[in-house]
Peer 1: 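Can you keep this structure in mind? I'll have questions shortly.
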Amino acid sequence: MTTAQTQELDVQPTPLALLLLGREADPRSERGVECPGDLPSPSDPDLVERARAAKEKLGDKVFVLGHHYQRDEVIQFADVTGDSFKLARDAAARPEAEYIVFCGVHFMAESADILTSDDQKVVLPDLAAGCSMADMATAEQVAECWDVLTEAGIAEQVVPVSYMNSSADIKAFTGKHGGTICTSSNAQRALEWAFEQGSKVLFLPDQHLGRNTAVRDMGMSLDDCVLYNPHKPNGGLTAEQLRDAKMILWRGHCSVHGRFSLDSVNDVRERIPGVNVLVHPECKNEVVAAADYVGSTEYIIKALEAAPAGSKWAIGTELNLVRRLANRFAPEGKEIVFLDKTVCFCSTMNRIDLPHLVWTLESLAEGTLVNRIEVDRETEQFAKLALERMLALP
């Protein structure tokens, strides 16, 4: 529907629509997206039985993957849960499953398609479930960046390292240019490998994971890092700045983790004496520096599993996971709260709701393939090369 047609019908976008379109502002959020005070209301309970029936009808033909950040109403139907890379590998380990239903976001489904066989079909219940971070680096922008590095005379020294949270196009670029993929758990190993291949790293697309790994884990200084802004000529950098840098960080970030601030950390310490602050490395450098513990999603889960009864934790990661962990460990006397007082969830991840999942499963049960995610052969070839380099890391 065009804007003109919308105006003729006198249809006004709802506040939630404005939120999802990113047209509201919150000065504390890097992305500028306002977060509502609570999660959307639960889906129709009647849909639970429909989902169960459709999944039972499909049997072993379907394998449902559920990312940690998904809603509880969706997670209950997942055959396995995990982070994006673990789930893609789990899918590849189930060759008998004709349909891989990925309850996550677009780049995750692409990775699953890259790693699974040609006979398997990867499905994303809602094609609008994207990732703001992955969208911050397009193939055209990165190609232009490489031209800038070439003109500065340093491209041959630069090894690209791309975070798993990137599109298949960016993974393919990384593979073509001798680089590797990393996750939040193995970013240090990936960077150490990259610096054995060259003297500089182009880190895509999350500036914070790259900066935190280089400075916090590898002993570099903030001066060793420069920020490449794809919306400015030459990335907003001089050739001299590029030549002096060790880490060329792409100006990208996670809209959820990017909203945590040093004020959030200080506030929770005042409100909850003795609290342990545990954050994801996608958070800003000052947040990571002020935290007690820093680690990937899997690290966060394991840390809470090992925590003593009665301990108190403030977690800086996506709300759905924090709530799930709080409920899980409450019987053990562990107090777990969200780091920020303003509740914020990943709006694109939350597009995968029970109605979309039911529609997907029922369509597949009726023999209708919907919302297939398919990466073209050339992109798949080079993206897989970059992923294989990661798997070969010591």
Side-chain angles (χ1 to χ4, degrees), residues 16 19-20 26 28-29 33-45 47-48 51 64-78 80-84 86-87 103-105 108 129 131 184 254-261 264-265 267-268 271-272 275-280 282-283 287 291-307 309-357:
L16 181 58
L19 161 68
L20 296 177
D26 181 345
R28 293 185 302 165
S29 171
V33 175
E34 181 180 327
C35 296
D38 204 351
L39 285 169
S41 58
S43 299
D44 185 347
L47 292 173
V48 172
V64 180
L65 309 175
H67 191 272
H68 286 308
Y69 297 168
Q70 286 293 301
R71 306 161 179 254
D72 288 345
E73 67 190 64
V74 171
I75 281 290
Q76 66 180 316
F77 293 104
V80 292
T81 59
D83 60 20
S84 59
K86 174 184 179 295
L87 292 176
C103 297
V105 294
M108 300 178 187
C131 170
S184 52
C254 169
S255 58
V256 171
H257 292 102
R259 72 170 286 110
F260 297 117
S261 66
S264 303
V265 178
D267 177 75
V268 80
R271 287 188 290 114
I272 309 175
V275 70
N276 297 284
V277 177
L278 170 57
V279 303
H280 195 282
E282 289 177 20
C283 293
V287 174
D292 300 300
Y293 304 94
V294 181
S296 67
T297 304
E298 295 294 338
Y299 174 91
I300 290 171
I301 295 170
K302 289 177 181 177
L304 293 177
E305 287 175 342
S311 56
K312 302 173 183 180
W313 298 83
I315 311 299
T317 193
E318 207 275 341
L319 175 63
N320 277 322
L321 176 60
V322 177
R323 283 169 51 131
R324 192 173 299 123
L325 292 171
N327 291 333
R328 174 183 169 186
F329 293 114
E332 299 178 23
K334 301 173 188 179
E335 181 183 345
I336 298 170
V337 300
F338 193 60
L339 178 57
D340 197 352
K341 285 194 296 186
T342 302
V343 173
C344 184
F345 60 95
C346 177
S347 58
T348 50
M349 188 76 75
N350 271 265
R351 288 183 184 273
I352 308 296
D353 56 12
L354 198 49
H356 281 91
L357 180 59

Peer 1: Looking at every non-hydrogen atom in both residues, tell me the closest pair between Arg351 and Ala129 and how far apart they are.
Peer 2: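 Between these two residues, the closest heavy atoms are CD-N, 3.9 Å.
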
Peer 1: How long is the span from the CZ atom in Arg71 to the CG atom in Leu319, to the nearest 0.5 Å?
Peer 2: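 CG of Leu319 is found 11.5 Å from CZ of Arg71.
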
Peer 1: Return the OH to OH distance between Tyr293 and Tyr299, rounded to the nearest 0.5 Å.
Peer 2: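 Result: 7.0 Å between the selected atoms.
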
Peer 1: Got a donor-acceptor contact below 3.5 angstrom from the Lys334 side chain to the Arg328 backbone?
Peer 2: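 No: the side chain of Lys334 does not pair with the backbone of Arg328.
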
Peer 1: Supply the atom-to-atom distance Thr317 OG1 to Ile300 CD1, rounded to the nearest 0.5 angstrom.
Peer 2: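 One finds 4.5 Å between OG1 of Thr317 and CD1 of Ile300.
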
Peer 1: Return the set of residues passing ring pair (Phe, Tyr, Trp, His ring centres under 6.0 Å) with His68 (not counting sequence neighbours), or none when no residue passes.
Peer 2: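 His68 satisfies ring pair (Phe, Tyr, Trp, His ring centres under 6.0 Å) with no residue once adjacent residues are dropped.
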
Peer 1: Quick one, Leu339 and His280 - any side-chain contact, counting heavy atoms below 4.5 Å?
Peer 2: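 Of all side-chain heavy-atom pairs linking His280 with Leu339, none is under 4.5 Å.
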
Peer 1: Looking at side-chain heavy atoms only, is the closest gap between Leu87 and Met108 below 4.5 Å?
Peer 2: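 Result no, sub-4.5 Å side-chain heavy-atom pair not found.
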
Peer 1: Between Lys86 (side chain) and His67 (backbone), is there a donor-acceptor pair under 3.5 Å?
Peer 2: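 No; zero donor-acceptor contacts below 3.5 Å.
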
Peer 1: Can you confirm whether Phe77 sits close enough to Val48 that some side-chain heavy atom of one is under 4.5 Å from a side-chain heavy atom of the other?
Peer 2: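 Answer yes - side chains close enough.
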
Peer 1: What is the distance from atom OG1 of Thr297 to atom CG of Leu321, rounded to the nearest 0.5 Å?
Peer 2: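 Thr297 atom OG1 to Leu321 atom CG measures 6.5 Å (nearest 0.5 Å).
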
Peer 1: Of all the heavy-atom pairs spanning Cys131 and Val105, show the shortest one and how long it is.
Peer 2: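 Scanning both residues completely, I find the closest heavy atoms to be CB-CG2, 4.1 Å.
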
Peer 1: Could you tell me whether the side chain of Glu73 and the main chain of Leu354 form a donor-acceptor pair under 3.5 Å?
Peer 2: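 It does hold such a pair.
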
Peer 1: May I ask you to test the Gln70-Glu318 pair for a side-chain heavy-atom distance under 4.5 Å?
Peer 2: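 When only atoms from C-beta onward are counted, Glu318 and Gln70 do not touch, as no gap falls below 4.5 Å.
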
Peer 1: Taking the side chain as C-beta and beyond, is there a heavy-atom pair between Glu335 and Ile272 under 4.5 Å?
Peer 2: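 Answer yes - side chains close enough.
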
Peer 1: Report yes if the side chains of Cys103 and Leu357 come closer than 4.5 Å at any heavy-atom pair, otherwise no.
Peer 2: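 Sidechains of Leu357 and Cys103: in contact.
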
Peer 1: Would you give the length of the straight line joining atom OG of Ser296 to atom NZ of Lys302, rounded to the nearest 0.5 angstrom?
Peer 2: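 Going from OG on Ser296 over to NZ on Lys302, the span is 7.5 Å.
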
Peer 1: Asn350 versus Asn320: any side-chain heavy-atom pair under 4.5 Å?
Peer 2: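 Answer yes - side chains close enough.
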
Peer 1: Considering only heavy atoms from C-beta outward, does the side chain of Leu278 approach that of Asp292 to under 4.5 Å?
Peer 2: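 Heavy-atom side-chain distance check fails, nothing below 4.5 Å.
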
Peer 1: Where is the tightest heavy-atom contact between Gly316 and Phe260, given as atom of each residue plus distance?
Peer 2: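 So the two residues come closest at C-CE1, 3.5 Å.
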
Peer 1: Identify which one of Val268, Ile336, Val275 satisfies the side chain to side chain contact (heavy atoms under 4.5 Å, CB included) criterion when paired with Lys312.
Peer 2: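 When side chain to side chain contact (heavy atoms under 4.5 Å, CB included) is applied between Lys312 and each of Val268, Ile336, Val275, only Val275 qualifies.
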
Peer 1: If you round to the nearest 0.5 Å, how far is CD1 of Ile75 from OH of Tyr69?
Peer 2: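 Here the rounded value is 12.0 Å.
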
Peer 1: With side chain to side chain contact (heavy atoms under 4.5 Å, CB included) as the test, would you mind laying out the steps for Val265 and Val279 before giving the verdict?
Peer 2: CA-CA 10 Å; Val265 178; Val279 303; 5.6 Å; no

